[in-house]
Amino acid sequence: LAVTVSPAPDAAKLGENTLRIQIKDRTGQPVTDAAVSLEYTMDMPGMLIDKTEAKHAGEGVYEAPVRFTMAGPWGVTVSISRPGQVEARERFTISVGQ
């Protein structure tokens, strides 16, 4: 799978945000049958891990609500489950501004 994660519509900021996850198969076709979940935390010791589910928005794009409470780098782990497939997990870093 080819997975990209980006804030929608622009750069991530403090507070409520939407993360957009685009998933394509090995042939470049959009994946529309996945269950997508996220775990995210500030990249520093002692921070709690938040979890959320992403909803399919169409054409292999999934969107998830997230709340960033501090500026800086946040680690985001995307878990993708598809019928008959092994779960895929990928880690990304999102930079959050003020």
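All heavy atoms count here, side chains included; hydrogens, waters and symmetry mates do not. Counting begins at 1 with the first residue of the sequence.
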If you look at every heavy atom in [X] and [Y], which pair is closest and at what distance?
{"X": "Ala64", "Y": "Leu38", "answer": "CB-CD1, 3.4 Å"}
{"X": "Ala71", "Y": "Gly97", "answer": "CB-C, 4.2 Å"}
{"X": "Val31", "Y": "Asp25", "answer": "CG2-N, 3.6 Å"}
{"X": "Ala11", "Y": "Asn17", "answer": "O-OD1, 4.4 Å"}

Nearest-0.5 Å distance that lies between atom [atom1] in [X] and atom [atom2] in [Y]:
{"X": "His56", "Y": "Ile23", "atom1": "NE2", "atom2": "CD1", "value": "8.0 Å"}
{"X": "Lys13", "Y": "Gln98", "atom1": "NZ", "atom2": "CD", "value": "13.0 Å"}
{"X": "Ser79", "Y": "Glu53", "atom1": "OG", "atom2": "CD", "value": "9.0 Å"}
{"X": "Thr4", "Y": "Ile21", "atom1": "OG1", "atom2": "CD1", "value": "9.0 Å"}

Would you mind reporting whether [Y] and [X] have side-chain heavy atoms less than 4.5 Å apart?
{"X": "Thr69", "Y": "Leu14", "result": "no"}
{"X": "Val66", "Y": "Thr18", "result": "no"}
{"X": "Met42", "Y": "Val96", "result": "no"}
{"X": "Pro83", "Y": "Asp33", "result": "yes"}
{"X": "Val36", "Y": "Val78", "result": "yes"}

* Asked: Would Thr93 and Trp74 count as a side-chain contact (heavy atoms from CB on, under 4.5 Å) if you check the C-alpha gap in whole Å, the side-chain angles of each, and the deciding distance to 0.1 Å?
  -> CA-CA 6 Å; Thr93 299; Trp74 284 72; over 6 Å; no
* To do: Using atom types as modelled and distance alone, determine if a side-chain donor or acceptor of Thr52 lies under 3.5 Å from a backbone N or O of Pro65.
  =>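 Confirmed, Thr52 side chain pairs with Pro65 backbone.
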* Under 3.5 Å: donor-acceptor pair, side chain of Tyr62, backbone of Leu19 ->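 No, because the side chain of Tyr62 does not come within donor-acceptor range (under 3.5 Å) of the backbone of Leu19.
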* To do: Check step by step if side-chain contact (heavy atoms from CB on, under 4.5 Å) holds for Glu39 and Asp50.
  => CA-CA 6 Å; Glu39 294 180 351; Asp50 288 307; over 6 Å; no
* Crowding at CZ, Arg91 (>12 non-hydrogen neighbours, <6.0 Å) ->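 Atom CZ in Arg91 is crowded, with more than 12 foreign heavy atoms closer than 6.0 Å.
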* **Enclosure of Glu59 CD (heavy-atom neighbours >12, cutoff 6.0 Å)** =>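 No.
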* Just do the side-chain contact (heavy atoms from CB on, under 4.5 Å) check on Leu1 and Ile80 with the steps written out, would you? => CA-CA 10 Å; Leu1 297 176; Ile80 303 164; 4.1 Å; yes
* To do: For Ser6 and Arg20, test the side chains for any donor-to-acceptor distance below 3.5 angstrom and give the result as yes or no.
  =>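 There is no such pair (donor and acceptor under 3.5 Å, judged by atom type) between the side chains of Ser6 and Arg20.
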* Run the side-chain contact (heavy atoms from CB on, under 4.5 Å) check on Met70 and Met47 step by step: do they pass? -> CA-CA 11 Å; Met70 298 174 69; Met47 294 297 290; 3.9 Å; yes
* Asked: Going by the angle between their ring planes, with limits at 30° and 60°, are Phe68 and Tyr40 parallel, tilted or perpendicular?
  ->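 Phe68 vs Tyr40 ring planes: perpendicular.
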